[in-house]
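Take a look at the structure below.
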Amino acid sequence: MLAEIITIGDEILIGQVIDTNSAFIGKELNKIGISVYQITSIQDERVHMLNAFKEASERVDVVIVTGGLGPTKDDITKHTLCEFFNDELIENKQVLAHVEELFAKYISNTPISDINRMQALVPSKAEVLHNANGTAPGMLMRKGEVTFVSLPGVPFEMKHLLKSSVIPKLVNYYKRPHIMHRTIVTYGMGESAIAKRIEAWENALPSNIKLAYLPSLGKVRLRLSGKSVDYDELVTAMNLQSEKLFPLIEDIVYGLEDDQSLEEIVAKLLIDKSLTLSTAESFTGGMIAEKLTSLPGASGYFKGSVVSYATEAKINVLKVPAELVDKHSVVSAEVATAMAKGAKKLMKTDFAIATTGNAGPTKGDSNAEVGTVFIAVEGPTSQFVQEFQMGSTRERVVEKSVNKAFELLQKEILKM
């Protein structure tokens, strides 16, 4: 079972809008055993759209189209679908009533226009999918054995339609294989080194199970993907391969499952052990705190952060001794340690983590080379600080350091 996602809109091609829809659609299709073969982004241009529809229909079973369903002249998806299916637009009374209801309820100060009423025009051969969250309905059409689904490009409208209408229909239409993924998150070793370590295991994988390396700053995710028509057989095979892989990399494993971030793992540890945390950040600019506070329930364990970007803030707020800065500079193990101690004392927490470094492009208040980073962790009974060289690109230095900070913090919590 293969699918293609076609996103329509110049705004995506020029980078004005980031295509998050395809990621969501791909994930939901994968859950029901449909693999995305290709993702295509195209202009709001008739010939281009017709070609894309034709090519997709020749290589996949399901085509999901998003965008181009608005009421203005630049939105031509419905017209182009009619041409592709040799169809015509007709007014759908249920859609029209819904559009009028939305205007009366939410946009009462703006009278409904003929342009808005045009949202009720749909191809006569289409099965209309009710869009409870907007005026543009979804549409489902068949060409031979291929199912075409047209959805609005607005993410929250598309997501609701996909989950409530499209997925259940596809489940009923097709007999699908089972697809399963298991992801192991590793830290502290590059993908090439990991690949060498597990080479013999990877070479012996059965044909229906594949391994993908997903590197990002400071971590590598190893994703096992399996496919089979027999669910029990697939579960057994995935369990067996996971059991063989884990002993080979257990010293660098810091989490399991695709959606579990390292900060979520750290947060769970803090909650489970009833521990509290504070942070003192310099060049990371509050990014550690931001990742923590984005998680529900963070106030239960995270007490606050001091973003001591300037040297004066380190001295005046965190009480880092001025003579320590003069002697060792702001980018040093001694200052990082003092920052962590200061945050822990100020906020009365069990743990504190501090970052100081030179992310570039200039050296700032320190003579340390660009990319030099110190991360300190202050715990209830132990303290440590470590130096790293994170490269020369500012964004890379910051993101790698944030990941490393969570990694080091996790190690210290696990010691308790």
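The residues of the chain are indexed from 1 along the displayed sequence.
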Margin query: Apply side-chain contact (heavy atoms from CB on, under 4.5 Å) to residues Ile179 and Lys227 and explain how you reach the verdict.
Written below: CA-CA 5 Å; Ile179 298 175; Lys227 184 184 293 186; 4.0 Å; yes
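- Annotation for Met118: atom CE does not count as buried by contact number, only 12 or fewer foreign heavy atoms lying within 6.0 Å.
- Within a 6.0 Å radius of CD1 in Ile18, other residues, nucleotides and ligands contribute 12 heavy atoms or fewer.
- For the residue pair Glu4 / Thr40, a side-chain donor-acceptor distance below 3.5 Å is found, with atom types taken as modelled.
- Judged purely by atom type and a 3.5 angstrom limit, Gln389 uses its side chain to pair as donor or acceptor with the backbone of Gly391.
- Listed for the Thr77 side chain is a donor-acceptor partner under 3.5 Å among the backbone atoms of Gly67.
- In this model, no donor atom of one side chain and acceptor atom of the other lie less than 3.5 Å apart for Ser401 and Thr355.
- A salt bridge does not link Lys327 with Glu334: every distance from a Lys NZ or Arg NE/NH1/NH2 to an Asp or Glu carboxylate oxygen is 4.0 Å or more.
- For the side-chain contact (heavy atoms from CB on, under 4.5 Å) test with Val36, the passing option among Leu29, Val60, Ile25, Val62 is Leu29; the others fail.
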Margin query: Let's go through Tyr301 and Leu275 carefully: what are the C-alpha distance in whole Å and the side-chain angles of both, what is the deciding distance for side-chain contact (heavy atoms from CB on, under 4.5 Å) to 0.1 Å, and is it a yes or a no?
Written below: CA-CA 6 Å; Tyr301 55 87; Leu275 297 170; over 6 Å; no
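- Residues Phe148 and Phe84 place their aromatic rings such that the two centres sit under 6.0 Å apart.
- Using a distance-only test at 3.5 Å, with no hydrogens or angles considered, a donor-acceptor pair links the side chain of Thr293 to the main chain of Glu290.
- Here the side chain of Asn131 pairs no donor or acceptor atom with the backbone of Gly138 at under 3.5 angstrom.
- A donor-acceptor pair is defined here as one N or O able to donate and one able to accept, closer than 3.5 Å; no such pair exists between the side chain of Ser382 and the backbone of Gly379.
- The environment of Ile115 atom CD1 is sparse: at most 12 non-hydrogen atoms of other residues, nucleotides or ligands sit within 6.0 angstrom.
- The main-chain N or O of Ala289 is found under 3.5 Å from a side-chain atom of Glu281 such that the two form a donor-acceptor pair.
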Next item on the list: Apply side-chain contact (heavy atoms from CB on, under 4.5 Å) to Met339 and Phe374, showing your working.
Entry: CA-CA 11 Å; Met339 289 171 63; Phe374 290 89; over 6 Å; no
Next item on the list: Check step by step if side-chain hydrogen bond (donor to acceptor under 3.5 Å, both in side chains) holds for His181 and Ser225.
Entry: CA-CA 5 Å; His181 301 289; Ser225 298; 2.6 Å; yes
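- Within 6.0 Å of OH in Tyr173 there are more than 12 heavy atoms belonging to other residues, nucleotides or ligands.
- Between Thr236 and Asn239, the side chains place no donor N or O within less than 3.5 Å of an acceptor N or O (distance only, hydrogens not considered).
- In the displayed structure, Lys291 atom NZ is contacted under 6.0 Å by at most 12 heavy atoms of other residues, nucleotides or ligands.
- For Phe384, the CZ atom counts as densely surrounded, since its 6.0 Å shell holds more than 12 non-hydrogen atoms of other residues, nucleotides or ligands.
- Checked by atom type and distance alone, the side chain of Asn92 never pairs as donor or acceptor with a backbone atom of Ala120 at under 3.5 Å.
- Side-chain atoms of Asn21 come within 3.5 Å of backbone atoms of Gly153 as a donor-acceptor pair (strictly under, hydrogens ignored).
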Next item on the list: Quick one: do Glu407 and Lys411 satisfy salt bridge (charged side-chain N to carboxylate O under 4.0 Å, His left out)? Show the steps, please.
Entry: CA-CA 6 Å; Glu407 177 192 335; Lys411 286 181 178 178; 3.6 Å; yes
Checklist line | Verdict with reasoning, Thr356 to Lys314, per side-chain contact (heavy atoms from CB on, under 4.5 Å) | finding: CA-CA 10 Å; Thr356 183; Lys314 296 177 178 67; 4.1 Å; yes
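- Side-chain atoms of Thr279 and Ser305 form a donor-acceptor pair, as typed in the model, at a separation below 3.5 Å.
- Remark: side-chain polar atoms of Asp272 are not paired, donor with acceptor, to backbone N or O of Leu269 under 3.5 angstrom.
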Check: Are Arg176 and Asp61 close enough, and set up right, to give a salt bridge (charged side-chain N to carboxylate O under 4.0 Å, His left out), and what steps lead you there?
Finding: CA-CA 11 Å; Arg176 296 147 288 106; Asp61 307 285; over 6 Å; no
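- Formation of a donor-acceptor pair under 3.5 Å by the Thr393 side chain with backbone atoms of Glu395 is not found in this model.
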